[in-house]
Structure formats: structure tokens, C-alpha cells
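Structure first, commentary second.
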Amino acid sequence: MALLAEHLLKPLPADKQIETGPFLEAVSHLPPFFDCLGSPVFTPIKADISGNITMRKLRPRGVEGPT
């Protein structure tokens, strides 16, 4: 597994910043994983992660929402 991750994951750039778009695209595949676990106990976690992904896509970092 470590060998696989070593070739799939790029090292962080010197400024330790990642692009938001590709990151959100990658993590958007995470919530369906909780369905595979088959337990309703993961429903709030799945909803929270999905909500965070949706919110970040609609309101990029640095853009203030309603107060």
C-alpha cells in the first residue's frame, strides 16, 4: 500500500499549498465509502463531509458568507 501511495501522491510544493478544485474533486469520492460500511451510525459523518465539500465549492476560501 505504501508503494502505491508513494507513486500516486505528489509531494506538497514548497509553500505547502494545494489547489482547492482538485482536492475537492478527490475528496468528493469519500462520502460514498461510508455507504459501503453499511451502518447508519456513519450517516452524520457522511452528511458533514458532503456539506463541507458543497459549501467549499459554492463559497471559496476568503469569500465571506452571510453574517
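There is a path of hydrophobic side-chain contacts, each under 4.5 Å, that joins Val41 to Leu30.
Summarising the geometry of Pro44 relative to Pro40, their closest heavy-atom pair is CD-O, 3.9 Å, with the distance given to 0.1 Å. Of all heavy-atom pairs spanning Ser28 and Pro32, the tightest one is O-CD, 3.9 Å.
Contact annotation: the side chain of Ile49 never approaches that of Val27 to less than 4.5 Å [non-hydrogen atoms, C-beta and beyond].
Taking the side chain to side chain contact (heavy atoms under 4.5 Å, CB included) definition, one finds that Phe42 meets it with Phe34, Leu37, Ser39, Ile45, sequence neighbours left out.
Residue pairs that meet the salt bridge (charged side-chain N to carboxylate O under 4.0 Å, His left out) test with at least one member in residues 15-34, sequence neighbours left out, do not exist here. Pairs of residues two or more places apart, or lying in two chains, that qualify as salt bridge (charged side-chain N to carboxylate O under 4.0 Å, His left out) and include a residue from residues 35-47 are Asp35-Lys46.
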